[in-house]
Amino acid sequence: MSSTEQNEKLATIRHSTSHVMAEAVLKLFPGSKVAIGPAIDTGFYYDFELTRPITQEDLPAIEKEMRKILSGNHDFVRKEISREEALKMFADQPYKVELINELPENETISIYTQNGFTDLCRGPHVANTKEINAQAFKLMKTAGAYWRGDEKRPMLTRIYATAWEKPNDLKAYLEMLAEAERRDHRKLGKELDLFHIDEDNPGEIFWHPNGWMIYSIIKDYVRGKIRKDGYVEVNTPFVMPRSLWERSGHWAKYKENMFITESEKRLFALKPMNCPGHVEIFRNKLRSYKDLPLRMAEFGSCTRNEASGALHGIMRVRGFVQDDGHIFCTEEQIPSEVEKFCNLLKEMYKDFGFGEDRITVKFSTRPELRVGDDATWDRAEAALDEACKKAGIQYELQPGEGAFYGPKLEFTLVDALGRGWQCGTIQVDFQLPSAERLNAEYVGDDNAKHHPVMLHRAVLGSLERFIGILIENYAGALPAWLHYQQAVVIPVAPTFNEYAEKVNAALEAMDIRAVADLGNDRMNAKIRLAQTQKIPYMLVVGEKEAAEGTVAVRFRDGRPQQVMKIDDFVAYVQKMVTEHVAGI
């Protein structure tokens, strides 16, 4: 069975289990109203208007009732009915009635029945409840959910659940969730004193010294990489006028996600993205074809008016910085520039510990609603495909998922728990530089004016989100080159504080991030503290080390302790940093 077929089978099991859950809920809470119950990536949910509020403590009773239903081995029977029959059948279920009334006149209406419970549904479903393993599902949590996602509509109770083909699959998933909770960047961010987010200022991050050190290391790393790759770094205004956003098209399509302010009777917006500003820099002087490709990069501070319910630690915020970039080039340069970007991206991901086996790529082609003619789309998609072949990129095709202005590649990183995080992207844009939008021009070798192609690209994406991904991937134990503190010098007794300070000064002189712990705690307590802080190297010094000019190196990963000359330890750490080793 192919992976696609397996995924379809699992989705069918999950959707069928959601019907069993709805049956169980109506038996336990007679008079409740049912809404929708789709399968999702890790299970399913169903929305209800219940006769009384329920809590986590009610879920075991619902599970018990579901297992009782499953023990009966009931067929799922599909039947097609008329609109009139459907409205009559679900007359006491207002959410179903609303869905029925919205169906096109010519659409077939189908229902599925099992064990006397009937639901409005397109299907498909398993043939019989015996295909649902009673030990391979679990109800996870309850949450509030507005009907149709509209805050003006009724608040329903959503029950989330997970379902799998086999009990061992469920066990593995629950173990992964437990490990994910242990690795949660919000929890580790507090333990390692990296950042905090104030409840009165949601979606904005207060970076503490430890966290800002990691942030600065990553920023400096990116800056060095793009400089070597031929980018010029720019900076564009944080606040720009409505007129620019109207010309770019964002005012019409993205206004709800923008923070808007007024000054001197003019409207301005805090920038949600950097591309219009980069076009303005390109347009500021007359460009020649000899200037292309022009690779422009910015650590662009952006703000987006995300709903508070969608915010999640530093992974989903309102204020963030992108390692953003735009490449202005000719149409003929698209393949080579995309290939160059893909090579840079793979090199950078490898340094962060994500080799090619942990990168997946999706190629998104023209959507139904798009701008530009088909001939332009043909050329853009062909150029992207050619670049992927040159860069050795294998991709999964996503028909119809491209941006409205052009096709794109999306790069997803797979972390230590097997979770995917979409980070990098490159998009081909013929529209924003066009005469109809921001009218960027260059003089070609024919002395005529032409519009460049604009490649929107990012490797890490949001730096805040990427740091969250790193924290969870490494469970806070970041590689030595990324850690906010690479070493701690621990004297075995206060008598050796002076030598500890000497060692620490030698490390700092060589740009190694180190601290000498001269506190009053005993040596073992200091070692435990360093382990809690996940510091890569603990340098224990005493009489022998002071006499011989050495340090006893304890490694975070528990390997045997080594005694090294100070210079040898410095060289060791510098090598780990220079080579961006994903360990210590």
Side-chain angles (χ1 to χ4, degrees), residues 226 229-236 240 244-254 271-300 302 322-342 344-345 363-367 370-373 375-387 402-411 424-444 449-459 461:
I226 61 176
D229 214 46
Y231 286 80
V232 292
E233 189 175 339
V234 301
N235 188 264
T236 57
M240 291 190 277
L244 176 62
W245 300 112
E246 284 181 330
R247 286 187 289 124
S248 70
H250 291 97
W251 194 264
K253 298 180 181 295
Y254 207 76
K271 66 176 178 180
M273 52 200 65
N274 306 293
C275 36
H278 290 191
V279 178
E280 289 297 281
I281 292 176
F282 185 92
R283 294 177 65 246
N284 190 249
K285 69 177 185 179
L286 186 63
R287 307 280 180 177
S288 162
Y289 70 95
K290 295 179 181 179
D291 298 323
L292 306 182
L294 174 58
R295 305 182 190 99
M296 198 179 294
E298 178 178 8
F299 292 104
C302 298
Q322 292 178 310
D323 68 321
D324 208 358
H326 294 90
I327 302 168
F328 297 89
C329 62
T330 66
E331 188 171 335
E332 293 72 25
Q333 291 169 336
I334 294 175
S336 60
E337 286 303 304
V338 172
E339 179 191 7
K340 184 177 179 65
F341 167 76
C342 289
L344 172 67
L345 175 141
F363 188 138
S364 300
T365 59
R366 67 195 75 183
R370 59 185 183 270
V371 294
D373 56 48
T376 302
W377 277 88
D378 288 342
R379 296 197 305 272
E381 290 171 357
L384 265 185
D385 181 62
E386 181 184 345
F404 72 91
Y405 52 78
K408 62 180 177 179
L409 298 178
E410 295 178 351
F411 298 84
T425 184
I426 186 163
Q427 306 171 18
V428 180
D429 184 1
F430 283 82
Q431 307 307 320
L432 200 60
S434 68
E436 292 74 25
R437 291 296 181 190
L438 297 183
N439 197 31
E441 295 178 326
Y442 69 93
V443 177
K449 289 184 177 180
H450 304 270
H451 299 291
V453 178
M454 188 175 182
L455 305 180
H456 305 247
R457 44 67 80 217
V459 177

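The basis for the numbers below is simple: all heavy atoms, side chains too, and nothing from hydrogens, waters or symmetry mates.
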To the nearest 0.5 Å, what is the distance between [atom1] ([X]) and [atom2] ([Y])?
X: Ser434; Y: Gln431; atom1: OG; atom2: CD; answer: 5.5 Å
X: Tyr442; Y: His451; atom1: OH; atom2: NE2; answer: 10.0 Å
X: Leu244; Y: Trp251; atom1: CG; atom2: CH2; answer: 11.0 Å
X: Lys340; Y: Ile426; atom1: NZ; atom2: CD1; answer: 12.0 Å
X: Thr376; Y: Glu381; atom1: OG1; atom2: CD; answer: 11.0 Å
X: Arg437; Y: His250; atom1: CZ; atom2: NE2; answer: 9.0 Å

Taking C-beta and beyond as the side chain, do Leu432 and Ser248 meet within less than 4.5 Å on heavy atoms?
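Leu432 vs Ser248: side chains touch.
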Run the side-chain hydrogen bond (donor to acceptor under 3.5 Å, both in side chains) test against [X] and tell me which residues pass, sequence neighbours left out.
X: Lys271; result: Thr236, Asn274, Glu298
X: Arg247; result: none
X: Asn284; result: none
X: Glu441; result: none

Not counting sequence neighbours, which residues clear salt bridge (charged side-chain N to carboxylate O under 4.0 Å, His left out) with Glu436? List them please.
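Residues passing salt bridge (charged side-chain N to carboxylate O under 4.0 Å, His left out) with Glu436: none at all.
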Test salt bridge (charged side-chain N to carboxylate O under 4.0 Å, His left out) applied to Asp378 - qualifying residues, sequence neighbours left out:
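Arg366.
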I would like to know whether Leu294 and Val232 meet side-chain contact (heavy atoms from CB on, under 4.5 Å); could you show each step before the answer?
CA-CA 8 Å; Leu294 174 58; Val232 292; 4.1 Å; yes
Which atoms form the tightest heavy-atom contact between [X] and [Y], and what is the distance?
X: Cys329; Y: Gln333; value: CB-OE1, 3.2 Å
X: Phe411; Y: Thr425; value: CD1-N, 4.1 Å
X: Val428; Y: Ala380; value: CG1-CB, 4.0 Å
X: Gly402; Y: Ser364; value: N-CB, 3.5 Å
X: Asp323; Y: Gly461; value: OD1-N, 2.8 Å
X: Leu438; Y: Pro276; value: CD1-CA, 3.9 Å

So, using side chain to side chain contact (heavy atoms under 4.5 Å, CB included) as the criterion, who are the partners of Ala297 when residues are at least two apart?
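Partners of Ala297 by the side chain to side chain contact (heavy atoms under 4.5 Å, CB included) criterion, ordered by chain and then number, come out as Ile226, Tyr231.
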Those residues that, when tested against Ala252, pass side chain to side chain contact (heavy atoms under 4.5 Å, CB included) (two or more places apart):
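In terms of side chain to side chain contact (heavy atoms under 4.5 Å, CB included), with neighbours along the sequence ignored, Ala252 is linked to no residue.
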Report the residues that fulfil ring-ring contact (aromatic ring centres under 6.0 Å, His included) with [X], sequence neighbours left out, ordered by chain and then residue number.
X: Phe328; result: Phe282
X: Phe363; result: Tyr395
X: His456; result: His326, Tyr405

Just by distance, do the side chain of Arg457 and the backbone of Ile327 share a donor-acceptor pair under 3.5 Å?
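Side chain of Arg457 to backbone of Ile327, a donor-acceptor pair under 3.5 Å: no, none is there.
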Evaluation steps, side-chain contact (heavy atoms from CB on, under 4.5 Å), between Cys342 and Leu409:
CA-CA 10 Å; Cys342 289; Leu409 298 178; 4.2 Å; yes
Return each pair, listed once, that meets side-chain hydrogen bond (donor to acceptor under 3.5 Å, both in side chains) where at least one residue sits in residues 286-296; pairs must be two or more places apart or across chains.
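Non-adjacent pairs meeting side-chain hydrogen bond (donor to acceptor under 3.5 Å, both in side chains): Arg295-Glu337.
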